[in-house]
Every structure is written in structure tokens, then in C-alpha cells.
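The analysis underlying the following values was restricted to heavy atoms, covering all of them including side chains, and did not include hydrogens, waters or symmetry mates. Ligands are counted one by one from 1 in listed order, and the atoms in each one are counted from 1 as well.
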Amino acid sequence: MRIPLIAGNWKLYKTEQEAISLVYGLIAPLEAVKGVEKLICPPFTALSTVYKLLAGTEIKLGAQNMFWEPKGAYTGEISPLQLAEFCQYVIIGHSERRAYFGETDAVVNKKVQSALKHRLTPILCIGESLEENTAGRVVEVLTRQLKEGLRDVRLTDGKQLVVAYEPVWAIGTGRSASAEGANQVVEGIIRPTLSGSFGEDIARSVRALYGGSVTPENARSFFAQPGIDGALVGGASLNKFDFIGIVQAAKR
Ligand code: PGA
């Protein structure tokens with residue numbers, strides 16, 4: 001049984017004060033939805049404050065990125081040790097990190113390994129660009145991102161990993177993938193690849209999220225798919241009502 005997970009990726013939005021008011025508005029309505037795991041990934045500057053606000057609730061906290069080294073002379077980076085004080089999850093390999101900050105599959109792999117070592121659950125993001133999609137390279141690209149991103153990774157339990165399928169052309173564009181298409185990617189590419197690396201049992205228990213222009217209106221169609229275990233939500237996670245609506249739609 002995979003418990004649905006709805007993760008809000010706030011990206012480079014919200015000051016600390018804005019984070020406080022959004023989280024205040026989210027706590028009671030999100031706590032009221034049972035059977036769905038709720039996760040908020042604010043910017044680093046709000047983690048400590050949001051951590052305190054969420055104390056005693058079931059809402060989880062995650063980071064949007066991390067460096068792989070636990071400590072050292074790495075000006076401006078954030079370490080897994082520092083995150084582990086506040087977070088249970090960390091988003092790794094988001095397409096914006098890959099596109100704007102040069103993150104390769106090798107970098108993503110180091111981060112995934114480091115997150116696991118520090119007991120953070122990585123949400124590994126994979127997704128093809130529009131160009132790769134139209135060139136018919138979806139299987140090749142996603143298989144490579146998964147295999148390289150998870151190279152030498154050992155899992156004892158599928159709960160240690162989350163994979164998010166986020167087609168680059170669907171992120172922030174208002175043009176989501178079709179629910180059936182996303183499900184086919186999960187069942188036809190992601191789970192078979194995971195099964196090749198970790199065996200069938202673990203592959204079945206890793207949660208697979210869809211991300212890319214998820215809204216309260218289209219969320220239900222994704223969650224109705226047997227292979228999709230929730231969503232990684234960007235834009236709609238910045239609005240209280242939209243995020244609550246998506247979480248409610250995930251209730252089975
Ligand atoms: P979006 O972003 O929901 O705004 O499309 C999703 C993501 O980047 O995780």
C-alpha cells in the first residue's frame with residue numbers, strides 16, 4: 001500500500017513572513033485530510049520557522065535542493081546534516097536545477113546517495129524536454145536519468161525513495177501531461193527500471209508522483225490512475241485554497 005504524497009514546491013517564493021501566513025492557513029485544513037501525506041518544501045530561509053509552526057502536526061517538511069557534502073569549505077551551500085535537523089524530504093534533480101544550475105545526472109546521483117546516508121528521503125525528479133518528447137526520446141531520457149541518478153544506490157525499503165515524473169514542457173506552463181500518459185510513463189518506464197535496479201518488491205513500494213501544472217481541477221484525474229501516488233506541485237502550492245484542494249483530491 002502506497003500512501004499518497006502531495007508535495008508543495010515553493011521554489012523561489014515567499015519571504016519568512018509570507019511563509020508564516022501561508023502555513024498558518026494550511027495547518028488546520030491539511031490536518032483534516034487523513035490518509036494523505038502532506039509535505040511542504042519552502043525556501044531554506046523559512047525552514048526553521050516553518051519547522052516550529054509544524055511541530056505537533058502530521059505535515060512534513062522538505063528542502064528543494066542540497067549539496068552532497070555534510071560539511072566543509074563550500075561557501076553558500078546547504079548540507080544534508082543541516083537539513084536533517086528540520087526536514088524529512090529533499091527534492092533532488094528538479095529540472096530547473098538541471099537547466100539553470102548545470103546539474104548533471106552524476107551530480108544528482110551524489111546528492112541522492114548523500115540524502116539517503118543522512119536519512120533524508122530524496123524526491124528524485126526526472127522528465128524529458130519538449131524537444132526530447134517530440135523526437136520520441138522519452139524512454140531513453142527517463143531511463144538514463146533514473147539509472148544514472150540511482151547508480152550504486154542501495155535501498156532496503158521502497159519508502160526510502162520517491163520519484164517524481166515532471167515533463168519539462170508541463171512545468172509552470174499550464175499545459176499538464178495527460179493523466180493516462182503520465183500513468184504509462186510510471187508503469188511502463190519508471191517501475192520497470194526501478195525493478196531492474198532494486199527488484200520487484202521495492203519497485204512496487206517506491207512512490208511515483210506526477211508534477212507539471214497540477215491544479216485542483218486536474219488533480220483528481222492524475223490520482224485516479226493506479227500508478228500515480230500523488231503530486232509535486234509548484235505554482236498551485238503557493239495558494240492556500242489551491243493546495244488544500246489538491247490535497248483533498250488525493251484522498252482515496
Ligand atoms: P508547476 O511546477 O506545478 O508550477 O508546474 C511543478 C514543479 O516544478 O515541481
Side-chain angles (χ1 to χ4, degrees), residues 4-14 18-19 22 26 30 36-44 46-47 50 60-66 87-103 108 111-112 115 120-130 132-133 141-142 145-146 149 161-179 181-183 185-186 190 207-223 225 228-250:
L5 170 66
I6 305 299
N9 171 14
W10 291 6
K11 307 192 180 184
L12 189 53
Y13 293 98
K14 306 290 178 190
E18 290 166 345
L22 178 54
L26 287 174
L30 293 189
V36 177
E37 195 175 348
K38 289 90 48 172
L39 170 65
I40 299 175
C41 304
F44 293 132
L47 281 178
V50 173
K60 310 269 173 68
L61 192 56
Q64 301 172 18
N65 178 36
M66 58 169 239
C87 299
Q88 289 106 325
Y89 288 87
V90 57
I91 298 170
I92 292 180
H94 190 281
S95 70
E96 287 150 17
R97 301 289 323 162
R98 295 177 192 255
Y100 307 137
F101 304 98
E103 287 197 10
V108 169
K111 293 184 174 189
V112 168
L120 291 161
T121 304
I123 301 178
L124 170 60
C125 300
I126 60 169
E128 82 287 358
S129 67
L130 183 59
E132 291 161 339
N133 185 289
V141 170
L142 298 184
Q145 289 178 340
L146 261 185
L161 174 71
V162 176
V163 174
Y165 171 52
E166 298 206 303
V168 178
W169 46 269
I171 296 176
T173 58
R175 185 186 155 211
S176 64
S178 74
N183 189 62
V185 165
V186 171
I190 295 178
R207 281 176 296 180
L209 311 183
Y210 167 76
S213 299
V214 174
T215 63
E217 291 73 35
N218 66 20
R220 220 170 278 278
S221 70
F222 288 102
F223 307 151
Q225 300 294 323
I228 298 177
D229 306 311
L232 181 53
V233 184
S237 73
L238 299 171
N239 177 286
K240 171 178 123 175
F241 299 105
D242 287 350
F243 193 62
I244 294 166
I246 294 168
V247 169
Q248 286 170 340

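Residue C87 comes nearest to A63 through the heavy atom pair SG-N, 3.8 Å, listed as atom of the first residue, atom of the second, then distance.
Atoms of ligand 1 found under 4.0 Å from any heavy atom of E166, numbered from 1 in the order shown, are 6 (C), 7 (C), 8 (O), 9 (O). Within the listing of ligand 1, atoms 1 (P), 3 (O), 5 (O) sit less than 4.0 angstrom from a heavy atom of S213. Heavy-atom contacts of H94 reach the following atoms of ligand 1: 7 (C), 8 (O), 9 (O) (cutoff under 4.0 Å). Of all the atoms in ligand 1, the ones that sit under 4.0 Å from a non-hydrogen atom of A170 are 5 (O).
For Q64 and H94, the side-chain atoms include no donor-acceptor pair closer than 3.5 Å.
Side-chain N or O atoms of D229 include one that pairs as donor or acceptor with a backbone N or O of A208 at under 3.5 Å. With hydrogens and angles disregarded, no donor-acceptor distance shorter than 3.5 Å links the side chain of Y165 to the backbone of P167.
Of the N or O atoms in G235, one or more lie within a sub-3.5 Å distance of an N or O in ligand 1. Between K11 and ligand 1, an N or O atom pair is found at a separation short of 3.5 Å.
Counting non-hydrogen atoms of other residues, nucleotides and ligands closer than 6.0 Å to CZ of R220 gives a total of 12 or fewer. Atom CZ of F44 is surrounded by more than 12 heavy atoms from other residues, nucleotides or ligands within 6.0 Å.
Residue contacts with ligand 1, taken as heavy atom pairs separated by less than 4.0 Å, involve N9 solely via side-chain atoms from C-beta onward. Contacts between A164 and ligand 1, counted as non-hydrogen atom pairs separated by less than 4.0 Å, are absent for every part of the residue.
The SG atom of C41 lies 7.5 Å from the CG atom of L61; values are rounded to the nearest 0.5 Å.
The option from G8, P167, G172, G234 that lies nearest to atom 5 (O) of ligand 1, judged by heavy atoms, is G172.
Put simply, part of G212 is less than 4.0 Å from ligand 1, judged by heavy atoms.
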